[in-house]
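The structure under discussion appears below in the form of structure tokens.
Positions are given from 1, in the same order as the sequence printed here. Counting starts at 1 for both ligands and their atoms, in listed order. Quick caveat, the model's predicted, so the values are computed rather than measured.
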Amino acid sequence: MTFFSFLPFYTLPAIVVLGITVSLHSKWEQRRRNEQEAIRRGCGPAPRMPRKGFLGFGNLLKGLAASRDDRHPQHVVEAFDTELGRDVHTVVVPIVDYELIVSRDPANIQAVFATQSADWDVSEFRADSMRLLFGHGIFTSRGEYWKTSRALIRPQFATDQVNDLDLFERHVQHLLAAIHKHHHAGKSQTGWTRAFDLQPLFYNLALDVMTEMLYGYSVHSQDPSERVELPVLPGFESPDRENIGMHMDAGKAGVETRSALWKYRWLLPSGRFLKHCAAVHKYAEWFVELRLRRGDSYLDDLQTHQAGKATSERFVLLHELAKVNQDPVDLRSQTLNVLSAGRDTTAALLSWVVYYLARHRSVWDKLRAEVLDRFGPYKPDEPVGIEFRMVRDSMPYMTAVINETLRVAPVVPLNERVSLRDTTLPRGGGPKKDQPVFVPAGTQILIPTYALGMRPDIWGDDFQEFKPERWINNHVGRKTGFEFVPFGGGVRQCIGQQLARLKTAYILIRLIQRFDRVYNAEVPADARTRFHHTIENRSGSGVQIKLRYAQWEPKPREPGSRAEEHLT
Ligand code: HEM
């Protein structure tokens, strides 16, 4: 016997019908209120993407299919240009029972990131999905907690702290050794390497640099034989340095799909995803525990296994954060947040730069000329001295190449926010699309960075070409405002931008000194550009290249010198 068996047979259907009626009525009420509010604020309606597919799932499914085919950024441009028109830059997209806004209009982006940023924050759905993997930290939090996190972490990335060239150089040497070991065609110091994919080596390098910068110990994924023995921590299993990269990648793929499904993310099975999350947490917890037990002497251990800078000068984020906050969960989460934000983004940027250099011989030659002019030819035992300001002020072509790469292949191709209260966007509404657009509280806005870089009215008719020159000499296409936001903008702008630019420039300089030619070895050679999302956007076909060693005179080898070893 159930409760309903005591009631007339029509009770249950009546309750269902009543529920649907109440829900439709409240939606209708809401819509009417929004329309009135829009008129009151002088707003006009933005163009709407037609509702598609069964129950309106069409737009979501089309986006997911494009992602699977490594063409989501292009799909967004096509949706704008072919379905709505080239002059439409802000659109309302209905998905099942909610609507979101997509805008490639710099005026709206400026409002969301900067001038009206108090009305917007990262969406709780994005934050929730990421939090399972990285915990509650600067990247995944909102409101006051985010403000406190940013105030704590941002100063740690001041330029002089991140200018750790010794760290970069050691890992560049491992990269060069890996290229040589796996890919050198013969015994000579000149000639071409075999064709190989450089992208995974950049990902290794970035993981190795970031783990050293954050925890003091590199995982040495590039060369596991370099791993030092870790101290024994009673009660704690040693961290799984072998598989941490794999767990992070798999966890990030889970976050990516969850964020794309937004409020329907509960449809996805989570067992495996949670296992990867747990493994990533466990890895960070070990270092946190070591830091908390050792206190100030945490860095002393590092001295025993790292050459280069004196311990006192070494920047280790965990060590610095623990001086002001001893909460183990906070320390784990904040460092993992920075690891997630900083590792793969830099690796993807480096990969895309070489991807385009391999396809543009004249750009490679010009960049190489600038590098040799500033720093001379490659010498293994003479790393170059360089600062962020130097790259910015005296390497215009390097800066142009990096910017142009970020325009045509933005590492974060889709940013987002959600409105915290009823608000407006300055442009995109009404028949001429120049009126403000009303945005009800709780609406998500997507900012398609790639689509922004593919606007001919901003970048010129040659917008599809990879052309670093557009960034030089106030060329008509040169942009530095909200038309170009590869590092976000306003209050939540990337805090690692200078580090990323410096590290990218440093690694490119050393690579370009060491090799004088790069050849695109992708088959077929005209293969389409594949944008593969795993939160960041990496090349879906890798960076298939051959490199040619530059001629140089090696110095007589000193016994035990690592830098020389890989040249014989
Ligand atoms: C090419 C490399 C990089 C790119 C393209 C990039 C891009 C971005 C973007 C677009 C945002 C803003 C996200 C948003 O608006 O919600 C961001 C935030 C952030 N980035 Fe980066 N990033 C890069 C490298 C780094 C590095 C090397 C670090 C640190 C070591 C880092 C740390 C952060 C942090 C902590 C945030 C969160 C800031 C906040 O929410 O207040 N990033 N990054």
>> Counting only heavy atoms, tell me which of Arg142, Arg150, Met213 gets closest to atom 39 (C) of ligand 1.
In response: Arg150
> Does CZ in Arg528 sit with more than 12 non-hydrogen atoms of other residues, nucleotides or ligands closer than 6.0 Å?
Replying inline: yes
>> Heavy-atom distances under 4.0 Å decide this one: backbone, side chain, both or neither, for Lys503 against ligand 1?
In response: neither
>> I'd like to check whether Arg492 has a polar contact with ligand 1, where a contact means an N/O of the residue lying under 3.5 Å from an N/O of the ligand.
In response: yes
>> Donor-acceptor pair, distance only, cut-off 3.5 Å: does the side chain of Arg368 make one with the backbone of Ile512?
In response: yes
> For Gln493 and ligand 1, does the shortest N/O to N/O distance drop below 3.5 Å?
Replying inline: no
> What atoms of ligand 1 come within less than 4.0 Å of a heavy atom belonging to Val338?
Replying inline: 29 (C), 30 (C)
>> Among all the protein's non-hydrogen atoms, which is closest to atom 8 (C) of ligand 1, and how far away is it?
In response: Cys494 CB, 3.7 Å
>> Can you give me the closest heavy-atom contact between Pro468 and Ala400, atom names plus distance?
In response: O-CB, 3.4 Å
>> Heavy atoms only, cut-off 4.0 Å: how does Leu499 contact ligand 1, side chain, backbone, both, or neither?
In response: side chain
> Do Asn415 and ligand 1 have an N or O pair less than 3.5 Å apart?
Replying inline: yes
>> Test your reading of the structure: does Thr346 have an N or O sitting under 3.5 Å from an N or O of ligand 1?
In response: no
> Just going by heavy-atom distances, which of Gly488, Gly490, Gly137 is nearest to atom 10 (C) of ligand 1?
Replying inline: Gly488
> Would a distance-only check, ignoring hydrogens and angles, find a side-chain to backbone donor-acceptor pair under 3.5 Å from Tyr298 to Tyr215?
Replying inline: yes
